[in-house]
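Predicted model, so just to flag it, every value in this text is computed and none were measured. First the proteins, then the strands, lettered A, B, ... as listed; each starts at 1.
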Amino acid sequence: NHTTETGPSTGSAMPSVAPAGKSLRIAVIPKGTTHEYWKSIHAGAIKAQQELAAKGTAVEILWKGPAREDDRNAQIDVVQTFLSQKVDGIVLAPLDSQALVSPVADAAKQKVPVVIIDSALNSTDYTSFVATDNKKGGLLAGQQLAKVLGGKGKVIMIRYQQGSASTEQREAGFLDAMKAVPGITLVSADQFAGPTVDTAYKSSQNVLSRFGSQTNGIFMPNESSTRGMLLALKDAGLLGKVKFVGFDSSTDLVTALKANQLQGLVVQNPFKMGYLSLLTAVSAVKGEKFEKSIDTGVTLVTPENMNTPEIQTLLNPPIDQYLK
Amino acid sequence: MSTTASPSVPTEPPKRLPPMSASRLLSLFGPFIGLLLVTLLFSIRPDVREHFLTPDNFRIVVTQTVITAIGALGMTLIIISGGIDLSVGSVLALTSVTAAIFLRGHQSPWVALLAAITLGGVVGIVNGSLITALRVTPFIVTLGTLGIARGAAKWLAQDQAVNAPPTWLNNLVATYPEPSWLIVAPGVWLTLILAVVTAVVLRATTLGRRIVAIGSNETASRLSGLRVDFLKIGIYALAGLYFGLAGGLQFGRLGMGDPTGNMGAELDVIAAVVIGGGSLSGGEGSVLGSLLGALIMALLRNGSQQIGWSDYVQDIIIGVVIIVAVALDRLRHRKPAG
Amino acid sequence: MSTTASPSVPTEPPKRLPPMSASRLLSLFGPFIGLLLVTLLFSIRPDVREHFLTPDNFRIVVTQTVITAIGALGMTLIIISGGIDLSVGSVLALTSVTAAIFLRGHQSPWVALLAAITLGGVVGIVNGSLITALRVTPFIVTLGTLGIARGAAKWLAQDQAVNAPPTWLNNLVATYPEPSWLIVAPGVWLTLILAVVTAVVLRATTLGRRIVAIGSNETASRLSGLRVDFLKIGIYALAGLYFGLAGGLQFGRLGMGDPTGNMGAELDVIAAVVIGGGSLSGGEGSVLGSLLGALIMALLRNGSQQIGWSDYVQDIIIGVVIIVAVALDRLRHRKPAG
Amino acid sequence: MTPELLTKQPAVLEMSGIRKSYPGVRVLDDVSLTVRSGEVHALMGENGAGKSTLMKILAGAVRADAGTIHLDGQAVEIDTPLKAMELGIGIIYQELHLAPHLSVAENIFLGREPQRLPGWIDSAKMRRDAQDLMDSLGMTLDVRTSVGGLAVAQRQMVEIAKATSRKAKVIAMDEPSATLTAHELENLWKLIRRLQAQGIGIVYISHRMDEVFQIADALTILRDGHVVGAKPISEINRDEVLKLMVGRSLDETFPKIVAEQGQPVLEISGLSRQGVLEDIHLTVHAGEVVALAGLVGSGRTEIARCVFGADKMSGGEMRLGGVPFSPRSPHDAIAAGIGFVTEDRKEQGVLLDLSVRENISLASLPKISTLGFLRRRQEQANAKKSVEKLRVRTPSIEQQVGNLSGGNQQKIVLAKWLQTAPKLLILDEPTRGIDVGAKLEIYGIINDLAAQGVAILMISSELPEVLGMADTIVVVRDGRIAGTLSRAEATQEKVGQLALSG
Ligand SMILES: Nc1ncnc2c1ncn2[C@@H]1O[C@H](COP(=O)(O)OP(=O)(O)OP(=O)(O)O)[C@@H](O)[C@H]1O
Ligand SMILES: Nc1ncnc2c1ncn2[C@@H]1O[C@H](COP(=O)(O)OP(=O)(O)OP(=O)(O)O)[C@@H](O)[C@H]1O
Ligand SMILES: [Mg+2]
Ligand SMILES: [Mg+2]
């Protein structure tokens, strides 16, 4: 159980905000808890916590997400409950750009700083925004696919789920990239993969059954959909024959990349996101200086560049080192 | 008014019933016992209690309960009449999207809310009509409309969350209401008023008694000259109005219409009714019980989070509480075995 | 009374039954009609038909059906006995995670599969025992275990998908099986064998007869000497074994155990049974029907995606088909009113 | 009313040319029925003759294929129960139809509750009116109690109150007396006389010949869906009625054969059950028929349920075949050789959705199976034999039991238990709703069983049956044994007196 981690309390440098012996309580609220992506964020936050502790600021991380990544109500409830617990600061990956506006406004009223991570929020009440440029990610993926296709061919994109802002931006970015290449036609871009690998697998099978024989390239906008498509390609005997670019990383996907079953993965830096967001939140609580907006960057990983040390740290964030 | 006809205690064996026995006391306060137990559970640890037993937290929990509670009121009517409605989650999404679309089209908030309520009623009429016309069980019809309403919501919303400018609708389920003398959100008061109205309808009106009669023995009701089909359509329509209202409030809560939201809400709503003493075979159910059932579930989620239990502990505990609550309820009024 | 029947007793068809009426034909081929209609629907457009009506696509669809179909077989037993099980989705997740964990721990695939099946049976025993011991309706008990099993899955998996090395389990539900003379995945054959066994149990054994009897009138069954509680536990346990097997195959299909997977699968499984002629009030249900029900639903999704309908059109069409299929079924054997 | 006066009365109800078929069965064929104002018109016929169906058509619960109905000389179309009610037709169905979660008062006034304002129930008035009704029926029953907890006879009285409380021109009563004992029956008859005086026409269905000749003014007899006779009661006698009903002459006296008694099979001593039974002593020998007599609610069924393991006893002991016996479930009791024909056939006796064959074999599945597999042929053969032996009127053994007439369903229950070849057979109201011919067959079966050494414990509310068939009569009152009489010493008066006051 790693729900709450308490750093060693070695007294505080700022007794006015955090009286001696009492640590700062920062709630970190992901969109979900199951994906490796969120674990990396958690690990990054813990790294920041340990560094802060070493500098004499004790921070308690309250890690809690909604059960499902599409349950806006549940995430609102989580935020509100933390507010009633009087946490000192909040790091939030909003499930939705609109739905979380009012709880964040509540936080602002109570003078609790909120650092938004991962996805945007339609509001000005937050303290700082630490995120990836998802549209740029989609664009990178599209450019890579166009490159490996030699600028022509038929392409499939299966969307993730309705109402998921970050993947919608990736999809939009990808479509922009495709539009820029006249030799490429999109044969299917309006089906959805659904929330799990299983749903993505079925969806991919069905779409491939119709278009598989004529398809040259594929893009999938997140980890579970990329995984599902890999399974479907394997079934259809198309692994390696169709050019395929995915998004996000996991052990399986990295293996596929190595085997040249994927020609590219666009990865974010969730570890850095978690790390920076906690530091930013603590700075805000303590009234120190902080950045209003931080881009943690997207990187295109290809079979060629995947063994470079920078990419290796991106692909294998030191999760185990921080999360037992 | 006759008090023995209370829908929550209908099957007590009549003759040998002691006037105010332990079992009768239990049956009156039974639903509160669950509430009390859950509250105690989270008040043991002082560090949790400190944040749990506060007016602020109470405010948060009751506000979180509103949508499930209003849904549960409608569902209580349906379940007492021997039916069930699985389409609630989808209808919440559909009507909240509708409210958002109206607002986005610069209609007044009143019109938007009314549109949501009306659409809820329309879906109810469709459900009721299909059930009576096709003679298909409510479970299946509403499983079908679950898909249809969800599809309609996605279609209306063009597969995207529908944002709308803020209006007073957003204040309806705000945790800190304006004006602040309201103490809790207007939506909470609305829920209470609706609950009283529903309880009165069930106990004191012909409609209410007929709802119980249909759930208790449909054939007998038909043979007694009740227009069962007509009544059923009416019940689903009425409940649909509640669901539409809940959808309107759901819009207010999020400030947007989410076509993929509230999935699985039907199970929460049904669980609330059954925890509160409703019987899925019809004829039994209590308005107060359903409200408390909804509250218990919200309290459980809230408390689990405050105590810092993981997601899976929460899943497990809520599952256990549902079973235990209903088991206690069965002990209260045990039926003679066959 | 004599128990040794003389073999000479004539067993010609009962006297006044019309030899082969339209309604009898309908009731035999009814479930196929739905299948045919759906197939026709997607075969109208030549460009879709070209890819839809192919052996390869058939292979894909039947393979996708396997898990729902096996679940539906177990659910058929439960529904015929007058019960219901909402925990299926969670049990699928729990048992697929279990299989993954065993494999990751370097157990043989046989052990992993057996573990999944056994655990499914254990959850079934728990469900059955709670239902009979607490006298709480199956809907509520399994709503509770839905949460509990889901929580257990997340806990076992430590909130993460559990990856495991590939074994022959992954071949069980592969679209192109090895050896290739199998034509379809071994899992499909397994499903068919299980279906035959289940149908034989239901029609030709005392157990089957008792399952039907309990679903038809529990009190009368008890008074006729059936050990109803014992049987019920057995039925949920047996169905649990099916669910466990389905969970094992689910693992095989993905090559991983996903603790958050298969949410809502219970509704698919129940819908399959009911589309196939099962009645939620017990006593009725057909193995063949349930299989076809599962197939119809998979075919609908497959076809909709091939034809390129949007998600919402799919939602709506599937909803409509569920209602229409059951309405047709009701026409087939209409019960006397009043 | 005298017959002469009656024939001058106008007809309130005229049904003519009524036809009704179900798949495979023609139930009613050109049936006519004329009921005059103030007349009690008995409708008689064997089980499955079509009596209930005719009444359901009258009440709008079933639609006829053809035929006309006139009320007060005017042709009417009755398509729903509501319509029938509005036209002034009241009915007491053979199978009770009450809402268990509602109170007695609410059931009586369901659908036409007294209202203060439109839609608002005036519950005080409703309660008063209901109480008055029950009082006038001689029932001491608080109308606020919910129907779910009432005994069958009490529910029957609620049905009667419900049907008669409406402003009706015609009231149909489908075997109202089947579940009643003498006391309630007397009240029912008083009520019928009152209704009669108001000029209401009454259709009265019963299989009890005595009753019919006591209360009816005229009589219509159905056989196989045809009217085979319609006469004023004064122009017909019992033998003729019997002959018309069954198509042959019948000797109506009880065919009791006293069998040789063997060892005690069931010995009950000091049996009690909290709040229901106290200190019951009872012995049934092989070949003996012991009848439990008593008023409704006296606890006879409870005794049977305890013996059968369906209810737990709280004190006392039982021996079966000389060895101590304490069944924990019906399963135990059946395994030990007990059979139990329950009184409530719809809830506890038959499985309405299943076929005749499946119902008959339900309690004896182990006997017709090998290693858990059913021997289908044997099952069919057994079912056929039973159907023939008990003369069940059914198109086939595959017919759903729910489609059989009430009396035929009762025969299926009996057939089911005969399959188990019990040592002790408990019969709770075994001839309820059974026609005269079939009754005689059942009595014959009881004789046969007794002759084979089966012990029989019979519960019956029909005194003549008790007196006619029992070797020993045990009278139960308020959960205690009020007295035991041998066949020789028992008379109607003695039993009645014991049942009422000891
Ligand atoms: N829904 C139905 N489907 C098929 N057959 C039916 C149906 N309802 C009644 N029957 C048949 O109609 C015939 C007449 O039934 P009905 O109930 O009218 O008999 P009854 O004269 O009232 O007999 P009883 O004295 O046993 O009550 C029976 O043979 C019965 O099997
Ligand atoms: N479900 C019940 N709840 C409460 N009391 C009951 C219930 N069932 C029966 N009783 C009461 O138990 C007593 C014994 O009933 P029982 O059925 O044994 O009587 P009985 O002599 O067989 O009468 P009947 O002729 O109606 O069958 C009655 O007072 C009855 O009202
Ligand atoms: Mg009848
Ligand atoms: Mg009795």
Rounded to the nearest 0.5 angstrom, the NZ-CD distance for C:K154 and B:Q314 is 8.5 Å

When the 4.5 angstrom heavy-atom criterion is applied to B:L156 and chain C, the contacting part is neither

When every non-hydrogen atom of C:L134 is compared with those of B:A327, the smallest separation belongs to CD1-CB, 3.9 Å

Closest non-hydrogen contact found for B:I323 with C:I148 is CD1-CD1, 4.4 Å

If you tally heavy-atom pairs under 4.5 Å between each of B:I270, B:L143, B:I316 and chain C, the highest tally belongs to B:I316

Heavy-atom side-chain contact between B:V313 and C:W155 under 4.5 Å
no

Per side-chain contact (heavy atoms from CB on, under 4.5 Å), B:L146 is matched among C:I322, C:D315, C:L267, C:I318 by C:L267

If one checks every heavy atom of B:I140 against chain C at 4.5 Å, the contacting part turns out to be both

